[in-house]
Student: 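Below you will find the structure I want to go over with you.
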2 protein chains.
Amino acid sequence: MLRVSKLTDYATVILTHIAHQPDELHAASDITQATDVALPTVSKVLKLLSKANILNSHRGSKGGYLLTRTPKDVHVAEIITAIEGPIAMTECTTHTGACEQESSCEIKGNWNLINRAVYMALEAVTLADMVAPVRQQAVMVNMPLKTQTNDLKVEN
Amino acid sequence: MLRVSKLTDYATVILTHIAHQPDELHAASDITQATDVALPTVSKVLKLLSKANILNSHRGSKGGYLLTRTPKDVHVAEIITAIEGPIAMTECTTHTGACEQESSCEIKGNWNLINRAVYMALEAVTLADMVAPVRQQAVMVNMPLKTQTNDLKVEN
DNA sequence: TTATATAGGACTATTTTAGTACTATATAAG
DNA sequence: CTTATATAGTACTAAAATAGTCCTATATAA
């Protein structure tokens, strides 16, 4: 299925809400009302987004959360990473030594290639796109081989 | 993390092995030996790939599995779909009615856009690429807005 | 000083995934 | 036609990941 977690989904909903009024502070309780996501869950998501420097937080009375930058500069890849950690399709591409077959594995490099492609797809869409659905589309193109070799740089 | 399941990972390993000798029948027991994946697991994966028409099966003595087509025509997207079902990042994009906020959801269409981008990334890599690591790379490009409008066709 | 709001971490329940086992069916070979 | 071998299909169990909740600490405005 290649799913994004529910929390990540909530994160996009919450960020979309905040992005509508980018200059105001949004308290967790307000966001709960607006999004129908349970308060503890909203709170959890906001903390993660804050930690990832997508939101700034203000404590105390009249506190809340605020975007650290314009929605155009917040990429979907970043949101996913904030909630779920680094985007990597297979264990071996994040944790060295996680797989016993690692040394003899032929396809690790190819998974890295796939990771890259997926990551670029996710980086092409921003929070701004989520807020005001622009009919912009990311499209795959096969580049000439030779010119790309350096780009691959697959760690071994 | 945006993971592919372990079974999918096994599937790529198994298919890579088979693709090395595309004209021979490969029994589950042989593949176990070659890949160090447990027999019941190999068996499970092979059945799924067979059901998805990526492999042909031959029963009985001297039976086994065979690719249905050349490795160049087997896309990674298809392998993932065979093991995990349709590629969709969020629940709402596969199952209508799964989300209560569906009717008022602003970002569903955008998830469809993201799905599309990811799918294209995964379709750009084939089993042939996995077998003989070609230094080919898929790259994202932002297309002009107007020309793409028809392509989106986001169901509501 | 008090009310309010976030920070951080721990914990539990649920769901998903991985892995295994069992029975049925098809085929090649003696 | 019988037997050995291999896949088909399904059901079940165990393990891991995720979701969701709660509690205590800290910061800030009034």
Side-chain angles (χ1 to χ4, degrees), chain A residues 1-11 13-14 18 24-33 35-66 68 80 82-85 88-91 94-95 98-99, chain B residues 1-11 13-14 18 24-33 35-66 68 80 82-85 88-91 94-95 98-99:
Chain A
M1 275 276 194
L2 198 68
R3 276 273 163 73
V4 107
S5 77
K6 279 194 184 183
L7 284 184
T8 302
D9 200 359
Y10 297 154
V13 172
I14 290 168
I18 292 176
E24 290 180 25
L25 273 174
H26 299 265
S29 54
D30 297 340
I31 295 172
T32 302
Q33 287 196 304
T35 60
D36 273 327
V37 180
L39 178 58
T41 304
V42 167
S43 183
K44 186 177 193 171
V45 170
L46 288 170
K47 286 172 196 169
L48 287 168
L49 293 173
S50 176
K51 205 167 184 178
N53 200 39
I54 293 172
L55 295 176
N56 272 335
S57 65
H58 292 270
R59 289 191 179 189
S61 181
K62 309 257 173 184
Y65 295 89
L66 201 62
T68 56
I80 294 174
I83 308 293
E84 310 185 24
M89 306 284 279
T90 52
E91 187 80 26
T94 37
H95 304 300
C99 174
Chain B
M1 276 276 193
L2 199 68
R3 275 273 162 73
V4 109
S5 76
K6 278 195 185 181
L7 284 184
T8 302
D9 201 358
Y10 296 154
V13 172
I14 290 169
I18 292 176
E24 290 180 24
L25 274 175
H26 299 264
S29 54
D30 297 340
I31 295 172
T32 302
Q33 286 196 304
T35 60
D36 271 325
V37 179
L39 178 58
T41 304
V42 167
S43 182
K44 186 177 193 171
V45 170
L46 289 170
K47 286 171 195 170
L48 287 168
L49 293 173
S50 176
K51 205 168 185 178
N53 200 38
I54 293 172
L55 294 177
N56 273 334
S57 66
H58 292 269
R59 290 191 180 187
S61 181
K62 310 257 174 183
Y65 294 88
L66 201 63
T68 55
I80 294 174
I83 308 293
E84 311 185 24
M89 306 284 281
T90 52
E91 187 80 27
T94 34
H95 303 300
C99 174

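So you know, we letter chains A, B, ... as the sequences are listed, proteins then strands, and number each from 1.
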Student: Can you measure A:Lys51 atom NZ to C:dG8 atom C1' for me and round it to whole angstrom units?
Tutor: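 Spelled out: NZ on A:Lys51 to C1' on C:dG8 is 8 Å.
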Student: How many Å lie between CZ on B:Arg3 and P on D:dT18, as a whole number?
Tutor: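 That distance rounds to 8 Å.
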Student: Can you find a side chain N or O atom of B:Tyr10 that sits less than 4.0 Å from OP1 or OP2 on C:dG19?
Tutor: yes
Student: Any donor and acceptor pair, going by atom type alone, linking the side chain of B:Thr35 with main-chain N or O of B:Ile31 inside 3.5 Å?
Tutor: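 Present.
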Student: Looking only at side-chain N and O atoms, does B:Ser5 come under 4.0 Å of OP1 or OP2 in C:dA18?
Tutor: yes
Student: Write down the distance between CG (B:Asn56) and P (C:dA26), rounded to a whole number of angstrom.
Tutor: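 Rounded to whole Å, this separation is 17 Å.
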Student: Paired with D:dA15: which nucleotide, if any, by Watson-Crick or G-U wobble criteria at under 3.5 Å for both distances?
Tutor: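 Partner of D:dA15: C:dT16.
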Student: Taking pairing as Watson-Crick or G-U wobble with both contacts under 3.5 Å, can you name the mate of D:dA29, or confirm there isn't one?
Tutor: C:dT2
Student: Tell me the interatomic distance from A:His58, atom NE2, to D:dA30, atom C1', rounded to whole angstroms.
Tutor: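 Distance, rounded to whole Å: 18 Å.
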Student: What nucleic acid atoms does B:Lys6 come within less than 4.0 Å of, heavy atoms only: base, sugar-phosphate, or nothing?
Tutor: sugar-phosphate
Student: Taking only the side-chain heavy atoms of B:Lys47 (C-beta and beyond), determine which of C:dA7, C:dA21, D:dT21 contains the nearest atom.
Tutor: C:dA21
Student: Taking A:Ile54's backbone N and O only, do any of them form a donor-acceptor pair with A:Thr68's side chain (distance below 3.5 Å, no angle check)?
Tutor: yes
Student: Counting side-chain heavy atoms from C-beta on, which of D:dA4, D:dG20, C:dA5 comes nearest to A:Lys44?
Tutor: D:dG20
Student: Rounding to a whole Å, what distance do you find between B:Ile14:CD1 and D:dT7:P?
Tutor: 12 Å
Student: Between the side chain of B:Glu84 and the main-chain N/O of B:Ser5, is any donor-acceptor distance below 3.5 Å?
Tutor: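 Yes, B:Glu84 side chain to B:Ser5 backbone: donor-acceptor pair under 3.5 Å.
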Student: Go through D:dA8, C:dG19, C:dA7 for me and flag the one nearest to the B:Thr41 side chain.
Tutor: C:dG19
Student: From the set C:dT20, D:dA19, C:dT27, return the single nucleotide nearest to any side-chain atom of A:Leu7.
Tutor: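 Between C:dT20, D:dA19, C:dT27, the one nearest the side chain of A:Leu7 would be D:dA19.
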Student: Report yes or no: does A:Ser43 contribute a side-chain atom to a donor-acceptor pair with the main-chain N or O of A:Leu39 at less than 3.5 Å?
Tutor: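 Not at all, since once roles are kept as given, no pair shorter than 3.5 Å links the two residues.
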Student: Once you round it to whole Å, what is the distance between P of D:dA30 and NZ of A:Lys62?
Tutor: 6 Å
Student: Nearest of D:dA29, C:dT20, C:dA7 to any side-chain atom of A:Ser50?
Tutor: C:dA7
Student: Rounded to whole Å, how long is the line connecting atom OH of B:Tyr65 with atom P of C:dT27?
Tutor: 14 Å
Student: Does the side chain of B:Ser57 get closer than 4.0 angstrom to OP1 or OP2 of D:dA8 through an N or O atom?
Tutor: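 Looking at the OP1 and OP2 atoms of D:dA8, one of them is under 4.0 Å from a side-chain N or O of B:Ser57.
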Student: Just by distance, with hydrogens left out, do A:Thr32 and A:Ser29 show a side-chain donor and acceptor under 3.5 Å apart?
Tutor: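 Checked: A:Thr32/A:Ser29 side chains show no N/O donor-acceptor pair below 3.5 Å.
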Student: Rounded to the Å, how far apart are B:Leu25 CG and C:dA28 P?
Tutor: 10 Å
Student: Between the base of C:dT25 and the side chain of B:Arg59, is there any donor-acceptor pair under 3.5 Å?
Tutor: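 Indeed there is one.
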